[in-house]
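Everything below concerns the one structure shown next.
For clarity, every value in this text was computed on a predicted model and none was experimentally measured.
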Amino acid sequence: MSDSEEESQDRQLKIVIIGDGACGKTSLATRFAQESFGKQYKQTVGLDFFLKRITLPGNLNVTLQVWDIGGQTIGGKMLDKYIYGTQGVLLVYDITNYQSFENLEDWFSMVKKVNEESETQPFVALVGNKIDLEHMRTVKADKHQRFCQENGLGSFFVSAKSGDSVFLCFQRVAAEILGIKLNKAEIEQSQRIIKAEIVNYPEDDKQLNSAHSQSKVCSLQ
Ligand SMILES: Nc1nc2c(ncn2[C@@H]2O[C@H](COP(=O)(O)OP(=O)(O)OP(=O)(O)O)[C@@H](O)[C@H]2O)c(=O)[nH]1
């Protein structure tokens, strides 16, 4: 292979997603890699893989190899093999399920154990998922922040359902691993814009709502 061919090859990064069953790992992976979301819960048996190519500042193409690891693998024989050699770890919990946050200690212990003798440590991020269900939150944000500070972890709050901050999370983890700093504009660009449609009122309500007679799209960030 010539030098120029080699240079044009993408960097490949392995990122594992771990955490309790039903906290939304598969949903995060499919939202990121396929830009879709399914309401139906289908348990991951063993693991699934996703590939997604992104471009980081400096026109650097990076292919993320996302390993979506089934929540039932904790305590099983294969988990250490799945985690081995990874460059990034997303420790995911469901902000409406306190137990899923408490159990992260076990998941994190496994990551530390696997990497005990390794020279390079993976970049680990704590990810609170399902922020579209903020009204049902049982894990306070300060508990999340404390866990991050005590263990030197990256911190994210996301929603696989709405897509809120999902791309940003994977992009920042990739950038951290490669030692690339994202500027404010790049971060803002990755934050999803949610579009809300304001519809016309029915004819009968015309007088009452004369101020709202046109259909508009309003963008929220
Ligand atoms: N409201 C809401 N529901 C979500 C979100 N993410 C996932 N879910 C739902 O939570 C359930 C579990 O999601 P999965 O992605 O299958 O969970 P998992 O962590 O991969 O589960 P295992 O395969 O058992 O490890 C599904 O019904 C999803 O639709 C989210 O951000 N918001």
Side-chain angles (χ1 to χ4, degrees), residues 14-54 63-76 78-79 82-83 88-104 106-108 124-141 143-144 147 154-174 189-200 215-221:
K14 172 179 171 181
I15 295 181
V16 299
I17 314 183
I18 53 177
D20 272 11
C23 69
K25 299 177 297 296
T26 304
S27 304
L28 286 172
T30 50
R31 167 61 74 193
F32 171 61
Q34 299 163 354
E35 292 175 33
S36 63
F37 176 78
K39 276 195 187 144
Q40 198 110 33
Y41 172 46
K42 188 169 161 281
Q43 189 184 80
T44 304
V45 180
L47 81 161
D48 269 331
F49 296 100
F50 296 83
L51 281 181
K52 171 95 173 172
R53 189 174 194 235
I54 63 171
T63 299
L64 302 191
Q65 213 185 74
V66 179
W67 294 43
D68 165 28
I69 297 179
Q72 308 309 318
T73 55
I74 188 94
M78 295 304 288
L79 183 59
Y82 298 157
I83 295 173
V89 178
L90 302 187
L91 274 182
V92 183
Y93 70 96
D94 169 355
I95 66 154
T96 73
N97 177 342
Y98 196 78
Q99 194 64 45
S100 73
F101 178 72
E102 287 220 305
N103 290 345
L104 284 185
D106 296 337
W107 289 100
F108 190 41
V124 184
L126 181 64
V127 182
N129 185 34
K130 307 198 185 180
I131 56 166
D132 57 290
L133 301 177
E134 183 61 42
H135 56 290
M136 290 164 67
R137 178 191 275 276
T138 54
V139 183
K140 290 210 174 102
K143 283 225 166 225
H144 170 117
F147 192 84
S155 164
F156 297 94
F157 288 106
V158 302
S159 166
K161 185 175 181 185
S162 69
D164 196 354
S165 299
V166 175
F167 186 81
L168 179 69
C169 169
F170 282 92
Q171 184 196 39
R172 287 186 79 168
V173 168
Q189 207 177 22
S190 321
Q191 270 162 345
R192 193 184 155 85
I193 294 169
I194 301 161
K195 284 190 172 170
E197 182 94 13
I198 302 168
V199 293
N200 277 331
S215 176
K216 294 185 184 113
V217 171
C218 135
S219 294
L220 309 171
Q221 265 196 306

Between [X] and [Y], what is the shortest heavy-atom contact and its length?
X	Y	result
F156	L168	CE2-O, 4.4 Å
R137	K140	NH1-C, 4.1 Å
L104	V92	CD2-O, 3.5 Å
Y82	K14	O-NZ, 2.7 Å

**Request:** Please lay out, stage by stage, how I54 and F167 fare under the test side chain to side chain contact (heavy atoms under 4.5 Å, CB included).
**Result:** CA-CA 10 Å; I54 63 171; F167 186 81; 3.7 Å; yes

**Message:** Please determine whether the number of non-hydrogen atoms from other residues, nucleotides or ligands lying under 6.0 Å from atom CD of E102 exceeds 12.
**Reply:**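 Yes, the 6.0 Å shell around CD holds more than 12 heavy atoms from other groups.
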
**Request:** Evaluate the ring planes of F32 and F170, with Trp represented by its six-membered ring, and classify them as parallel (under 30°), tilted (30 to 60°) or perpendicular (over 60°).
**Result:**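 Rings of F32 and F170: parallel, under 30°.
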
Are the side chains of [Y] and [X] in contact, using a 4.5 Å heavy-atom criterion?
X	Y	answer
N129	C23	no
S27	F37	yes
D20	W107	yes

Determine whether a donor-acceptor pair (N or O, by modelled atom type, separation under 3.5 Å) exists between the side chain of [X] and the backbone of [Y].
X	Y	result
D68	D48	no
T96	M136	no
K25	G19	yes
D164	D132	no
K161	I131	no

**Request:** Given ring-ring contact (aromatic ring centres under 6.0 Å, His included), test Y93 with H144 step by step and report yes or no.
**Result:** CA-CA 10 Å; Y93 70 96; H144 170 117; 5.8 Å; yes

From [X] [atom1] over to [Y] [atom2], what is the distance, rounded to the nearest 0.5 angstrom?
X	Y	atom1	atom2	result
T44	I69	OG1	CD1	10.0 Å
I95	K130	CD1	NZ	10.0 Å
S162	R31	OG	CZ	7.0 Å
L91	F101	CG	CZ	10.0 Å

**Request:** Please say which of I83, I18, L79 ends up in a side-chain contact (heavy atoms from CB on, under 4.5 Å) with T73.
**Result:**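 The residue from I83, I18, L79 that satisfies side-chain contact (heavy atoms from CB on, under 4.5 Å) with T73 turns out to be L79.
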
**Message:** Under the side-chain contact (heavy atoms from CB on, under 4.5 Å) test against V166, which residue among V127, T30, V158 passes?
**Reply:** V158

